[in-house]
**Student:** 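Let me begin by handing over the structure; questions about it come next.
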Amino acid sequence: MLCYESIIKSVIDCYPELVPEDIQLGTPPALEMGDVAIPAFIPAKKRKVAPHVMAQDMAQRVSFDECVATATASGPYLNLFFDRKRVGFAMLRDILLAGDCWGAGGSGRGKRVLIEHTSINPNASPHVGRGRCAMIGDSLARLMRFEGYDVEVHYYVNDMGRQIGLLVLVASELEGVTFDRMLDIYVAANQRAKDDPEFAARGYELLVKMEAGDPETREKFYRVTELCLQGQLEVLRRLNVSYDCFDHESVYVNDPRWPAIEAALEGRGAIFTDEEGRRVVDLSRLGYGAEEGRYFVLRRANGSSMYGCRDLLYSLDKHGRNADINIMVLGEDHKLYAQQLALILDAAGIPAPEAIYYSYIRLSQGIMSTREGNVVLLSDFLDQASAISQDRVTEQFPDLSEDDRRVIADLVAVSAIRFAVLRVKPAKNVIFDLETALSFNGDTGPYMLYCCARIRSILRKWDREIPDLSREAFQVTTDQEWMLLKTMAQLPKVVSDSMIQHNCAPIANYALELAHVFTAFYHECPVLTADNEATLHMRLRLCEAALQTLSNALGILGIDTPERM
RNA sequence: GCCCCGAUAGUUCAGUGGAUAGAACGAGCGCCUCCUAAGCGCUAAACACAGGUUCGAUUCCUGUUCGGGGCGCCA
């Protein structure tokens, strides 16, 4: 917050033996105890006195600047109370002045980010688990754009490989294949490959033809993968997820840059052809410690390339774009693989992208697997959520047009799933329960949208200009107003923490907290029927600022808010 | 077997080297002549276990247990 630096300076100015790092500001456990806490443990140790004595000494000797109204020692802490009028006015003015940029630190100005995420195999409609990657990546991209970075979002289209080969084999035998049928076809193709070795072998043959550039085969692959990709993108678009560039895996076969990578591996004695004719990397020559996972196959005996080959070239490509931050969002099942890739890249003198891992979303019945077909599809979830929400909106606003109701229902659905997924830190397994996700009560996306709708309702009813804030007339009269101001003031810190961690979960939890704090204010502090004009105007501005702050946070999460709901 | 994650209320999740560990769902009891009850208030309920570092550990380190992921021609 605004005054932290000056508080620390005030303390160390008073005690020559202290340095800024000795003062670690905190927050007292309750509002009645103060706004800022200075723990006296470290200063006490340096001055060789008891902590509670040190706290009392600071209370008497330190003279704080005018933003601190009082300082009282409480055991081993010195608790400070802000001058609510002075500090509150400055906070509110800063928020309204910054507007859409409120909370942004500008750390990314003049810098570029390349982020790759989602990159689902083009085989079927995405399930909720796959969506986690998309939402994590999309929100990171939004966070970084918010911070001022020039962000480019990439999607790696895995339009090759065995799984796709099998899918192509079946799909191209059928007439009029649609995206909706693809999941069933894919599951069937995998089952058939399990049961029928001859069929599986035909899949490999198809791959060889594909790599050799056979036009007819390429055309078949293209038709199927493009149908899948476009279908997937449509679902992801409903979730507010979008991409700037699509990089197709197939362009990286027979890449002229490959020999340089092989040469680098030769130079380290790390590549060999095994007794059955495969090209294999021995990672132990590149510093890999364990026996398990030591060998990394680049090419099959029949000469066709493995995914790793293409991935190496893709990494090379991305590195060549010279971004300041190069990120990829990957499932935790890719950890070892990414580590292996990084070793090979390192041998070739190329830094690997920063990997952000996320764990699976599980169903209560177990893990979601497209191959097995036991999934909750994103599109089904969104449909159900929209339908439920639309019923409620219809009940509440019978006069709204069908279109308006649909817009609101979609916003509610998107907020529900994006918030539920993003508030959990990526490393955790999350358990997805459709029924819970479809109940819009409690700590949910819809709760926050509802909060925004209530604010807008107040602002709508006040159909005049709000007079400019006057420093003289400004007053914070209730704890709820003060809590709201203090909470809004935290956004810049939350954004910068999220930026450091490359993790948007703190933003999500902050947005929820802010909605709770606003709701407390809403219930305790009448706005339009406030006791006097100064309070009325101040609270209107508070509403504006709360809406702005919440919108900014939700914007990073890719959640848009409705005018009413 | 080895490597990487995780473990907080009945459940799903937050959070923190420092004061009294927060929500929500579920359970119980209340609140709409009052800016939207998709809301609010109150009650009951948790840091897996054992050591260590520290003035102070739920947080950092080690071990154990349990859960997830991974470990050569899937991507």
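Only heavy atoms go into these numbers, but all of them, side chains included; no hydrogens, no water, no symmetry mates. Below, chains carry the letters A, B, ... as their sequence lines are ordered, and counting in each starts from 1.
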**Student:** What's the CG-P distance between A:L25 and B:A19, to the nearest Å?
**Tutor:** 15 Å
**Student:** Would you say A:N79 and A:T72 are linked by a side-chain donor-acceptor pair, where the criterion is simply a distance under 3.5 Å?
**Tutor:**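 Absent: no donor and acceptor within the cut-off.
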**Student:** To the nearest Å, give me how far apart CD (A:E332) and P (B:C5) are.
**Tutor:** 11 Å
**Student:** Suppose you measure atom C1' in B:G28 against the same atom in B:A48; what distance do you get, rounded to whole Å?
**Tutor:**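 Result for the C1' pair: 29 Å, nearest Å.
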**Student:** Scan A:Y357 against the nucleic acid and name what it touches under 4.0 Å (heavy atoms): base, sugar-phosphate only, or nothing.
**Tutor:** nothing
**Student:** With rounding to the closest Å, how many angstrom separate the P atoms on B:A9 and B:G63?
**Tutor:** 24 Å
**Student:** Rounded to the nearest Å, what distance is computed from the CD atom of residue A:E276 to the P atom of nucleotide B:C73?
**Tutor:** 11 Å
**Student:** Determine: side-chain N/O of A:Y510 to OP1/OP2 of B:G15, distance under 4.0 Å, yes or no.
**Tutor:**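 Checking A:Y510 against B:G15: no side-chain N or O falls below 4.0 Å of OP1 or OP2.
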**Student:** Looking at every strand, decide which applies to A:Y447 at a 4.0 Å heavy-atom threshold: base, sugar-phosphate, or nothing.
**Tutor:**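 If one applies the 4.0 Å heavy-atom cut-off, A:Y447 turns out to touch the sugar-phosphate alone, with no base involved.
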**Student:** Would you say A:K461 places a side-chain N or O within less than 4.0 Å of OP1 or OP2 belonging to B:U36?
**Tutor:**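 True: A:K461 side-chain N/O within range (under 4.0 Å) of B:U36 OP1/OP2.
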**Student:** Give A:A37 one of three labels, base, sugar-phosphate or nothing, depending on what nucleic acid heavy atoms sit under 4.0 Å from its own.
**Tutor:** base
**Student:** Write down the partner of B:A46 under the Watson-Crick or G-U wobble criteria, each distance required to be under 3.5 Å.
**Tutor:**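 B:A46 is paired with nothing.
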**Student:** Quantified in whole Å, what is the P atom distance between nucleotide B:U59 and nucleotide B:A21?
**Tutor:**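 These two P atoms come out 15 Å apart once rounded.
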**Student:** In whole angstrom, what separates A:M565's CE from B:A38's C1'?
**Tutor:** 5 Å
**Student:** So if I take every side-chain heavy atom of A:F41 and compare against B:A19, B:C55, B:A75, which nucleotide ends up nearest?
**Tutor:**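 For A:F41, the side-chain atoms sit closest to B:C55.
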**Student:** Let's test this: given Watson-Crick or G-U wobble pairing with both distances under 3.5 Å, identify the partner of B:G26.
**Tutor:**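 Answer to the pairing question: none, since B:G26 forms no Watson-Crick or G-U pair.
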**Student:** Can you measure A:E524 atom CD to B:C35 atom P for me and round it to whole angstrom units?
**Tutor:**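 After rounding, the reported distance stands at 15 Å.
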**Student:** For nucleotides B:A38 and B:G6, find the distance between their P atoms and express it as a whole number of Å.
**Tutor:** 39 Å
**Student:** For A:W462, is the NZ or CZ atom of A:R460 found under 6.0 angstrom from the centre of its six-membered ring and inside 45 degrees of the ring axis?
**Tutor:** no
**Student:** Please name the nucleotide paired to B:C71 by Watson-Crick or G-U wobble geometry with both distances under 3.5 Å, or report none.
**Tutor:** B:G1
**Student:** Crowded around A:D531 CG? As in, over 12 foreign heavy atoms under 6.0 Å?
**Tutor:**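 Not more than 12 within 6.0 Å, no.
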**Student:** Which part of the nucleic acid, if any, lies within contact of A:Q24, taking any heavy atom under 4.0 Å across all strands shown: a base, the sugar-phosphate backbone alone, or nothing?
**Tutor:**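 Nothing, no heavy atom under 4.0 Å.
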**Student:** Parallel, tilted or perpendicular: which describes the rings of A:F296 and A:Y307, with under 30° parallel and over 60° perpendicular?
**Tutor:** perpendicular
**Student:** With a 4.0 Å cut-off on heavy atoms, is A:R162 in touch with a base, just the backbone sugar-phosphate, or nothing at all?
**Tutor:** sugar-phosphate
**Student:** Would A:E205 and A:R202 count as a salt bridge (charged side-chain N to carboxylate O under 4.0 Å, His left out) here? Give the steps.
**Tutor:** CA-CA 5 Å; A:E205 283 166 27; A:R202 276 166 60 204; over 6 Å; no
**Student:** To the nearest angstrom, how far is A:N429 atom CG from B:A14 atom P?
**Tutor:** 11 Å
**Student:** Name the nucleic acid region contacted by A:S74, choosing base, sugar-phosphate or nothing; use a 4.0 angstrom heavy-atom cut-off, strictly under.
**Tutor:**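 Contact class for A:S74: base.
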**Student:** Kindly indicate whether the side chain of A:H334 and the base of B:A75 share any N or O donor-acceptor pair separated by less than 3.5 Å?
**Tutor:** yes
**Student:** What interatomic distance, in whole Å, is found between C1' of B:C35 and the corresponding atom of B:G30?
**Tutor:** 23 Å
**Student:** Without decimals, in angstroms, what is the distance between A:Q390 CD and B:A38 P?
**Tutor:** 17 Å
**Student:** Judged by each residue's nearest nucleotide on RNA chain B, which is more toward the 5′ side, A:T519 or A:L78?
**Tutor:**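 Mapping each residue to its closest nucleotide by heavy atoms, the 5'-most match is A:L78.
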**Student:** Do NZ/NE/NH1/NH2 and the carboxylate oxygens of A:K318 and A:D247 come within less than 4.0 Å?
**Tutor:** no
**Student:** Using the C1' atom as the point on both nucleotides, what is the distance between B:C66 and B:U8, in whole Å?
**Tutor:** 15 Å
**Student:** How long is the gap from CG on A:L341 to CG on A:L330, to the nearest 0.5 Å?
**Tutor:**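 Answer rounded to 0.5 Å: 9.5 Å.
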**Student:** NA contact type, A:E291, heavy-atom cut-off 4.0 Å: base, sugar-phosphate, or nothing?
**Tutor:** nothing
**Student:** In terms of relative ring orientation, are A:H516 and A:Y447 parallel, tilted or perpendicular, with 30° and 60° separating the classes?
**Tutor:** tilted
**Student:** With the side chain of A:N121 defined as its heavy atoms from C-beta on, choose the nearest nucleotide among B:G15, B:A37, B:A75.
**Tutor:**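 Shortest atom-to-atom distance from the side chain points to B:A75.
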**Student:** Quick one: sort the A:F432 and A:F381 rings into parallel, tilted or perpendicular, breaks at 30° and 60°.
**Tutor:**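 Ring orientation, 0 to 90° scale: perpendicular.
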**Student:** How is A:V393 classified with respect to the nucleic acid when contacts are heavy atoms under 4.0 Å: base, sugar-phosphate, or nothing?
**Tutor:** base
**Student:** When you compare B:A27 with B:G10, how far apart are their P atoms, in angstrom units rounded to a whole number?
**Tutor:**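 One P to the other, the span is 16 Å.
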**Student:** Write down the distance between CE (A:M448) and P (B:A38), rounded to a whole number of angstrom.
**Tutor:**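 Rounded to whole Å, this separation is 17 Å.
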**Student:** Taking 4.0 Å as the cut-off, does a side-chain nitrogen or oxygen of A:S457 come that near to OP1 or OP2 on B:C35?
**Tutor:** no
**Student:** Please determine if a side-chain N or O atom of A:R456 lies less than 4.0 Å away from the OP1 or OP2 oxygen of B:U36.
**Tutor:** no
**Student:** With a non-hydrogen cut-off below 4.0 angstrom, is A:P28 in contact with a base, only sugar-phosphate, or nothing?
**Tutor:** base
**Student:** Using a 4.0 Å heavy-atom cut-off across all strands, classify A:A427 as base, sugar-phosphate, or nothing.
**Tutor:** sugar-phosphate
**Student:** Applying a 4.0 Å non-hydrogen cut-off, can you work out what A:N79 is touching in the nucleic acid: base, sugar-phosphate, or nothing?
**Tutor:**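 It contacts base atoms.
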**Student:** Is there a Watson-Crick or G-U wobble partner for B:A7 with both distances under 3.5 Å, and if so, which one is it?
**Tutor:** B:U65
**Student:** May I ask which nucleotide in the shown strands pairs with B:G17, Watson-Crick or G-U wobble, both distances under 3.5 Å?
**Tutor:** none
**Student:** Which nucleotide, in any strand shown, forms a Watson-Crick or G-U wobble pair with B:G39, with both distances under 3.5 Å?
**Tutor:** B:C31
**Student:** Any N or O donor-acceptor pair under 3.5 Å from the base of B:A75 to the side chain of A:Y307?
**Tutor:**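 Donor-acceptor pair under 3.5 Å: yes.
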**Student:** Honestly, is A:R454 close enough over A:Y522, meaning NZ or CZ under 6.0 Å from the six-membered ring centre and within 45° of the axis?
**Tutor:** yes
**Student:** Using atom P in both nucleotides, what's the gap between B:A19 and B:G56 to the nearest angstrom?
**Tutor:**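 Going atom to atom, P in each nucleotide, I get 15 Å.
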**Student:** With a non-hydrogen cut-off below 4.0 angstrom, is A:C525 in contact with a base, only sugar-phosphate, or nothing?
**Tutor:** base
**Student:** Using a heavy-atom cut-off of 4.0 Å across all strands, would you classify A:L336 as base, sugar-phosphate, or nothing?
**Tutor:** sugar-phosphate
**Student:** Under 4.0 Å, counting only non-hydrogen atoms across every strand here, what does A:R294 touch: a base, just sugar-phosphate, or nothing?
**Tutor:** nothing
**Student:** Do the side-chain N or O atoms of A:R300 get closer than 4.0 angstrom to the phosphate oxygens (OP1, OP2) of B:G72?
**Tutor:** no
**Student:** With nearest nucleotide decided by heavy atoms, which residue, A:R460 or A:L207, maps closer to the 5′ end of RNA chain B?
**Tutor:**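 By nearest-heavy-atom nucleotide position, the 5'-most residue is A:R460.
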**Student:** Quick one: classify the glycosidic conformation of B:C29 as syn or anti, with syn meaning within 90° of 0.
**Tutor:** anti
**Student:** By the rule that syn is within 90° of 0, classify the base conformation of B:G30 as syn or anti.
**Tutor:** anti
